[in-house]
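Note that the structure is a prediction, hence the values are computed from the model and not measured.
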Amino acid sequence: FLGEGKQVCIESFPKTAKANEWLRLLWTYLDLTVKQNITKECPDLPIQNVIKEVKPLWEWCLLPAKFEDKIALVPICRANTIVDLIEGSTLFLRQKHVLKKLKLPKPVYTSIGEKVQILGQLVSNIDKPDSILIALEAALSRNELGSLDAHDANVLLLYFADNLDKLKKSEIDTRSILSKLPFYVTMSGAQENLEGKCVYVIPSAIPTKDMDVWCTAQHDKVFLRCDANFKDRGLYEYLGCIVLEETELYCQFIFMHFDLITPHGREVHLMYIRDMVLRRLKGAAKEAMVQGLKSLDFLPDSNGALLPA
């Protein structure tokens with residue numbers, strides 16, 4: 001029962017009324033001890049006070065949690081890997097629904113009493129985004145994290161983007177954990193993590209025709225379609241992503257592999273540049289695009305070879 005890395009299946013816990021009562025009384029005692037320090041000026045339970053009281057039991061498996069197919073006692077020090085999706089702000093109902101799909105372990109209050117307030121302070125909930133990240137990272141390390149579709153993945157990431165100020169002030173490395181999440185939707189529609197990768201964010205209106213040709217040619221790079229919500233909230237910047245403008249994308253990547261794109265694909269891109277991009281560009285950006293087009297081989301000769309205009 002002792003050890004930070006241990007976990008005791010509830011079936012191994014003595015199946016007696018006295019054992020269950022002892023666990024309930026222990027948490028009731030801890031709860032009352034912490035509440036003695038509550039004042040009118042500070043009606044909530046400061047997390048520092050909670051940790052101080054439970055520190056002697058920090059590595060003991062005394063916290064009942066329900067995993068997908070079992071109930072187990074985990075060390076109190078791993079409380080922030082357990083997620084209470086009942087508590088917390090009602091403003092995040094959609095985000096709670098998404099988190100439920102990830103099959104994160106949740107506290108079992110019935111084993112220790114419904115009125116034990118300090119457990120709610122120790123476990124993660126939707127109002128503590130950095131603790132949600134800790135729970136997600138723990139589930140990843142156990143290979144027990146559920147999957148999401150692209151829409152739900154964006155809902156989850158937007159939750160973190162909306163709470164970016166809190167994440168920046170956290171004592172944990174939230175940037176590192178965010179990059180590990182396997183929920184970033186790439187241009188191809190796949191979901192990937194960004195850990196250790198060179199990530200480019202490209203304009204959302206770029207044609208997807210023959211996209212796999214120039215995307216897959218960049219073996220060490222990840223391309224994400226720009227989400228204005230993430231960009232405006234600073235998520236891409238926080239993660240160290242490189243946000244490309246259309247001129248940069250075409251001149252640095254797409255034009256480099258233009259000969260590999262199908263004739264129809266080349267036509268789609270050129271019409272997009274003519275009808276949409278050049279009309280918006282000004283100054284140096286427009287000049288760079290024009291120069292890129294001038295050096296681009298895209299007109300077939302009588303033998304089928306591509307030549308510049």
Side-chain angles (χ1 to χ4, degrees), residues 147-151 153-154 157 161 178-232 234-309:
S147 59
L148 298 175
D149 60 29
H151 176 267
N154 281 341
L157 293 177
L178 276 170
S179 69
K180 294 177 183 178
L181 299 182
F183 302 126
Y184 297 90
V185 182
T186 68
M187 283 292 293
S188 65
Q191 295 182 35
E192 292 188 24
N193 68 71
L194 308 182
E195 186 178 20
K197 299 172 183 176
C198 185
V199 183
Y200 291 91
V201 180
I202 71 175
S204 59
I206 291 293
T208 57
K209 181 64 179 175
D210 293 341
M211 175 189 62
D212 57 316
V213 173
W214 59 269
C215 274
T216 55
Q218 316 295 326
H219 301 294
D220 58 341
K221 299 175 178 64
V222 174
F223 292 90
L224 306 178
R225 184 178 294 278
C226 184
D227 186 305
N229 289 318
F230 299 163
K231 182 180 179 181
D232 294 344
L235 182 62
Y236 293 135
E237 180 182 1
Y238 187 59
L239 293 172
C241 303
I242 302 170
V243 180
L244 296 174
E245 299 299 333
E246 288 164 318
T247 299
E248 295 172 311
L249 177 64
Y250 274 105
C251 293
Q252 296 178 25
F253 295 100
I254 298 180
F255 287 169
M256 300 289 288
H257 305 282
F258 214 61
D259 59 318
L260 301 177
I261 297 176
T262 64
H264 178 57
R266 292 196 293 269
E267 180 183 355
V268 169
H269 280 284
L270 290 171
M271 291 181 66
Y272 173 74
I273 293 172
R274 183 195 67 186
D275 298 337
M276 304 298 295
V277 179
L278 288 176
R279 293 182 180 183
R280 293 195 302 264
L281 293 180
K282 297 179 180 180
K286 186 170 186 177
E287 179 61 25
M289 178 67 83
V290 171
Q291 290 302 317
L293 288 168
K294 285 182 178 180
S295 61
L296 186 64
D297 296 333
F298 65 91
L299 293 176
D301 64 9
S302 58
N303 296 319
L306 296 178
L307 301 173

Participant: For Leu148, does its backbone N or O pair with a side-chain atom of Gln191 as donor and acceptor, under 3.5 Å?
Facilitator: yes

Participant: Taking Thr208 for the side chain and Met211 for the main chain, is one N or O donor matched with an acceptor at less than 3.5 Å?
Facilitator: no

Participant: How far does CG of Leu194 sit from CG of Leu239, to the nearest 0.5 angstrom?
Facilitator: 6.5 Å

Participant: Considering all heavy atoms of both residues, which atom of Cys251 and which atom of Ala288 are nearest to each other, and what is their separation?
Facilitator: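 So the two residues come closest at SG-O, 3.7 Å.
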
Participant: Whether the side chain of His269 engages the backbone of Lys209 through a donor-acceptor N/O pair (distance < 3.5 Å, no angle test) should be reported.
Facilitator: yes

Participant: Evaluate whether atom CD of Glu237 has more than 12 neighbouring non-hydrogen atoms of other residues, nucleotides or ligands under 6.0 angstrom away.
Facilitator: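 Counting neighbours around CD of Glu237, 12 or fewer heavy atoms of other residues, nucleotides or ligands fall under 6.0 Å, so no.
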
Participant: With rounding to the nearest 0.5 Å, note down the distance linking CG in Leu244 to SG in Cys226.
Facilitator: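 Here the rounded value is 10.0 Å.
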
Participant: Search all heavy atoms of Glu195 against all heavy atoms of Lys180 and return the closest pair with its distance.
Facilitator: OE2-CE, 3.5 Å

Participant: How far does CG of Asp227 sit from OG of Ser204, to the nearest 0.5 angstrom?
Facilitator: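 Asp227 atom CG to Ser204 atom OG measures 8.5 Å (nearest 0.5 Å).
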
Participant: Can you tell me how far CD of Gln252 sits from CD of Glu245, rounded to the nearest 0.5 angstrom?
Facilitator: 11.0 Å

Participant: As a test of understanding, state which of Val201, Leu224, Val199, Val222 forms a side chain to side chain contact (heavy atoms under 4.5 Å, CB included) with Tyr184.
Facilitator: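 Only one of Val201, Leu224, Val199, Val222 forms a side chain to side chain contact (heavy atoms under 4.5 Å, CB included) with Tyr184, namely Leu224.
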
Participant: With heavy-atom distances below 4.5 Å as the criterion, would you say the side chains of Tyr238 and Leu178 are in contact?
Facilitator: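 Side-chain contact under 4.5 Å: yes.
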
Participant: Measuring from atom CZ of Arg266 to atom CG of Leu260, what distance do you get when rounded to the nearest 0.5 angstrom?
Facilitator: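 The CZ atom of Arg266 sits 9.5 Å away from the CG atom of Leu260.
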
Participant: Does Asp210 use its side chain to pair, donor to acceptor, with the backbone of Ile261 at less than 3.5 Å?
Facilitator: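 It does not hold such a pair.
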
Participant: When you look at NZ of Lys231, are more than 12 heavy atoms from neighbouring residues, nucleotides or ligands closer to it than 6.0 Å?
Facilitator: no

Participant: By the definition side chain to side chain contact (heavy atoms under 4.5 Å, CB included), identify the one residue from Phe230, Tyr236, Tyr200 that meets it with Cys241.
Facilitator: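 By the side chain to side chain contact (heavy atoms under 4.5 Å, CB included) criterion, Cys241 pairs with just one of Phe230, Tyr236, Tyr200: Tyr236.
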
Participant: For the atom pair CG (Leu249) and CZ (Phe223), what is the distance rounded to the nearest 0.5 Å?
Facilitator: 7.0 Å

Participant: Applying side chain to side chain contact (heavy atoms under 4.5 Å, CB included), run through Ile206 and Glu246 and close with a yes or a no.
Facilitator: CA-CA 8 Å; Ile206 291 293; Glu246 288 164 318; 4.1 Å; yes

Participant: Classify the ring geometry between Tyr250 and Phe255 as parallel (under 30°), tilted (30 to 60°) or perpendicular (over 60°).
Facilitator: tilted

Participant: List the atom of Thr247, the atom of Met289, and the distance in Å for their closest heavy-atom pair.
Facilitator: CA-CE, 3.7 Å

